[in-house]
Amino acid sequence: MEKQKTDKAGTGRKKTVLITGGAGFLGSHLCEHCLNKGEHVICVDNFFTGSKDNIKHLMENPNFEIIEHDIIDPFFADKHVDQIYNLACPASPVHYQFNAIRTIKANVLGMINMLGLAMKHKARILQASTSEVYGDPQEHPQKESYWGNVNCIGIRACYDEGKRVAETLCFDYHRQNNVDIRVVRIFNTYGPRMAADDGRVVSNFIVQALKGENLTVYGDGKQTRSFCYVTDLIEGIYRMMNQDNLKGPVNLGNPGEFTILQLAEKIIDTSRSSSKIVFKPLPKDDPVMRRPDITLAKEKLKWEPAIQLDEGLKNTVEYFKSTVKL
Ligand code: NAD
Ligand code: UDP
């Protein structure tokens with residue numbers, strides 16, 4: 001599966017990968033993974049939602065570079081880049097709605113800048129797309145062939161439509177300029193290094209449970225999500241980048257499906273909390289159900305998640321216990 005750690009000419013030079021959003025939750029795990037594979041990693045981040053804390057354990061590594069940069073502006077690399085992972089974009093509803101216009105710019109201008117960079121370096125580029133391209137899905141579970149159901153003028157559109165245009169750009173750059181693209185559609189992923197304050201459901205509930213506060217379930221809690229543990233997801237992304245047969249899009253996620261109420265109960269149990277559940281208004285356009293069909297990833301990448309929710313939550317609760325001031 002894994003192809004080459006040196007360049008195509010076989011000069012022995014380490015493979016250089018550029019990871020935008022590398023100081024974020026997923027990005028920091030991906031930086032670590034690529035370094036462990038013996039690659040040279042350039043982490044490009046504007047630190048909007050990411051943090052130096054996420055990557056401080058990598059800073060001493062001579063194969064790790066950090067460049068503070070906003071991908072909305074063009075980026076020029078001072079060395080040859082073999083692969084680009086494009087993860088730079090605020091990912092939680094609270095953060096991507098904070099400045100919706102910047103979110104669209106990150107997805108559209110940022111994508112154009114990174115595809116331009118890929119063209120110049122003849123690098124392969126992987127786009128971190130999302131299950132949000134399916135919007136509030138009318139098809140369940142979601143297959144890659146489903147075109148989705150997105151409200152293009154709603155509060156989630158800056159992210160959902162931004163990510164849809166980013167996919168369009170990847171395929172147009174491929175058709176028009178022969179750029180070597182990979183697109184993965186990531187479903188809700190959780191684990192250590194999620195930001196405690198980014199408003200996503202797993203981090204919100206764990207922090208609330210550990211602090212003995214009420215868990216805030218939005219709506220009636222019957223909406224569903226499928227939660228993938230971070231190490232599983234990173235393995236899937238890496239396999240997708242390092243295979244030659246599939247451009248995507250390919251779904252990456254854990255097909256186990258839970259209501260938000262079930263998740264709240266599991267988190268109260270796992271963290272042995274005395275917290276209660278309270279109900280708050282459901283945000284607009286909140287998808288009713290979500291579960292990935294991962295047949296394609298299983299078949300083409302020989303990938304499927306290994307860590308199920310109970311085990312993943314245990315690790316994540318331990319992480320927050322050691323990082324959040326209680
Ligand atoms: P995150 O917010 O922790 O990471 C995003 C990173 O990108 C941060 O380090 C942030 O500072 C950086 N960033 C944001 N805008 C930037 C810009 N304009 N220029 C440079 N850096 C910028 O979120 P995450 O969960 O790690 O998500 C990473 C990627 O994966 C995102 O593109 C997101 O859309 C995608 N994704 C994540 C999930 C998930 O469940 N975690 C699901 C679907 C898709
Ligand atoms: N949610 C909730 N309480 C919270 C945060 C989120 O009930 O404190 C719900 C939210 O309304 C949604 C689900 O949990 O139905 C997942 O939300 P998240 O923001 O994590 O991800 P997304 O909606 O983008 O899948």
Side-chain angles (χ1 to χ4, degrees), residues 1-5 7 14-50 54-55 58 61 63-71 75 77 79-91 106-107 110-130 162-163 166-167 169-170 173-174 179-186 189 191 193 228 230-244 246-253 297 301 303:
M1 183 67 56
E2 193 179 320
K3 224 193 138 207
Q4 55 193 10
K5 294 206 174 65
D7 62 331
K14 269 182 188 299
K15 185 157 81 183
T16 297
V17 303
L18 186 143
I19 302 178
T20 75
F25 162 47
L26 298 181
S28 62
H29 286 276
L30 185 60
C31 287
E32 202 174 294
H33 191 83
C34 292
L35 287 168
N36 287 340
K37 294 282 181 186
E39 299 168 3
H40 185 88
V41 174
I42 306 172
C43 163
V44 173
D45 204 295
N46 70 351
F47 298 104
F48 172 46
T49 55
N54 287 339
I55 45 172
L58 307 176
N61 190 322
N63 287 317
F64 186 61
E65 291 177 54
I66 306 169
I67 300 175
E68 186 162 353
H69 178 84
D70 193 315
I71 63 158
F75 178 81
K79 58 165 67 76
H80 179 74
V81 171
D82 300 292
Q83 296 180 335
I84 301 167
Y85 293 90
N86 187 36
L87 274 68
C89 177
N107 276 313
M111 189 80 246
I112 290 173
N113 288 330
M114 289 305 122
L115 284 160
L117 187 73
M119 239 168 93
K120 192 165 160 201
H121 288 255
K122 296 195 170 27
R124 180 172 290 175
I125 180 165
L126 179 144
Q127 166 61 359
S129 189
T130 166
K163 290 282 187 179
E167 286 197 17
L169 283 165
C170 287
Y173 269 75
H174 172 68
V179 174
D180 189 14
I181 57 160
R182 299 289 179 272
V183 176
V184 293
R185 291 181 177 157
I186 303 169
T189 301
R193 296 195 209 128
C228 186
V230 61
T231 50
D232 282 336
L233 195 270
I234 297 300
E235 177 63 31
I237 290 183
Y238 192 81
R239 284 191 192 200
M240 181 63 178
M241 177 63 110
N242 291 289
Q243 54 77 41
D244 292 327
L246 179 68
K247 283 186 269 302
V250 63
N251 289 338
L252 293 179
L301 307 179
W303 176 87

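Closest heavy-atom contact between V17 and E39: CG1-OE1, 3.5 Å. Nearest heavy-atom pair across A166 and Q127 is CB-NE2, 3.6 Å. Heavy-atom minimum distance, I234 versus L26: CD1-O, 3.6 Å. Shortest non-hydrogen contact noted between L58 and C31 is CD1-CB, 3.8 Å. Nearest heavy-atom pair, F75 versus L117, reported as atom, atom and distance to 0.1 Å: O-CD1, 3.4 Å. Closest approach of A23 and F47 over heavy atoms only: CB-CE2, 3.5 Å.
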Next item on the list: Apply side chain to side chain contact (heavy atoms under 4.5 Å, CB included) to I42 and K79, showing your working.
Entry: CA-CA 10 Å; I42 306 172; K79 58 165 67 76; 4.1 Å; yes

Next item on the list: Verify salt bridge (Lys or Arg N to Asp or Glu O under 4.0 Å) between R239 and E235, making sure each step is shown before the conclusion.
Entry: CA-CA 6 Å; R239 284 191 192 200; E235 177 63 31; 2.8 Å; yes

Notebook entry, point to check: Going through the distances and angles, do T130 and E167 end up as a side chain to side chain contact (heavy atoms under 4.5 Å, CB included)?
Noted result: CA-CA 10 Å; T130 166; E167 286 197 17; over 6 Å; no

Check: H29 and I237: side chain to side chain contact (heavy atoms under 4.5 Å, CB included), yes or no, with the steps?
Finding: CA-CA 11 Å; H29 286 276; I237 290 183; over 6 Å; no

Next item on the list: Apply the test salt bridge (Lys or Arg N to Asp or Glu O under 4.0 Å) to residues D244 and R124: give CA-CA distance (whole Å), side-chain angles for both, the deciding distance (0.1 Å), then the verdict.
Entry: CA-CA 10 Å; D244 292 327; R124 180 172 290 175; 2.8 Å; yes

Checklist line | V230/F25 under side chain to side chain contact (heavy atoms under 4.5 Å, CB included): CA gap, chis, key distance, verdict | finding: CA-CA 9 Å; V230 61; F25 162 47; 3.9 Å; yes

Next item on the list: Please assess E32 against K37 for the test salt bridge (Lys or Arg N to Asp or Glu O under 4.0 Å), listing each intermediate value before the final yes or no.
Entry: CA-CA 9 Å; E32 202 174 294; K37 294 282 181 186; over 6 Å; no

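Listed for the W303 side chain is a donor-acceptor partner under 3.5 Å among the backbone atoms of D232. Here the side chain of R182 pairs no donor or acceptor atom with the backbone of G248 at under 3.5 angstrom. Judged purely by atom type and a 3.5 angstrom limit, T16 has no side-chain atom pairing as donor or acceptor with the backbone of D82. Although no hydrogens or angles enter the test, the distance criterion places a donor-acceptor pair under 3.5 Å between the side chain of H174 and the main chain of V179. Here the side chain of D70 pairs no donor or acceptor atom with the backbone of N46 at under 3.5 angstrom. K14 contributes a side-chain N or O that, together with a main-chain N or O of G38, makes up a donor-acceptor pair within less than 3.5 Å. Of the possible donor and acceptor atoms, one in the side chain of H121 sits under 3.5 Å from a partner among the backbone N and O of V81.
Under the 4.5 Å side-chain criterion, counting only non-hydrogen atoms from C-beta, L169 is in contact with I112. Between I125 and L115 the shortest side-chain heavy-atom distance falls below 4.5 Å. You'll find the side chain of I84 stays beyond 4.5 Å of the side chain of L126, heavy atoms only.
Taking CG from N113 and OG1 from T20, the interatomic distance works out to 10.5 Å, rounded to the nearest 0.5 Å. Rounding to the nearest 0.5 Å gives a distance of 12.0 Å between CD of E65 and CD1 of I19. Of the inter-residue distances, the one linking Q83 atom CD with C34 atom SG reads 7.5 Å to the nearest 0.5 angstrom. Here CD1 of I67 is found 9.0 Å from SG of C43. Values are rounded to the nearest 0.5 Å. Within the model, atoms CG of N86 and SG of C170 stand 7.5 Å from one another, a figure rounded to the nearest 0.5 Å. To the nearest 0.5 Å, atom SG of residue C89 and atom CD1 of residue I71 are 8.0 Å apart.
Looking at S129 and R185, their side chains never bring a donor and an acceptor atom within 3.5 Å of each other.
Heavy atoms from other residues, nucleotides or ligands lying under 6.0 Å from NZ of K247 number 12 at most.
Note on ring orientation: taking the six-membered ring where Trp is involved, the planes of Y238 and H33 are perpendicular (angle over 60°, cut-offs 30° and 60°).
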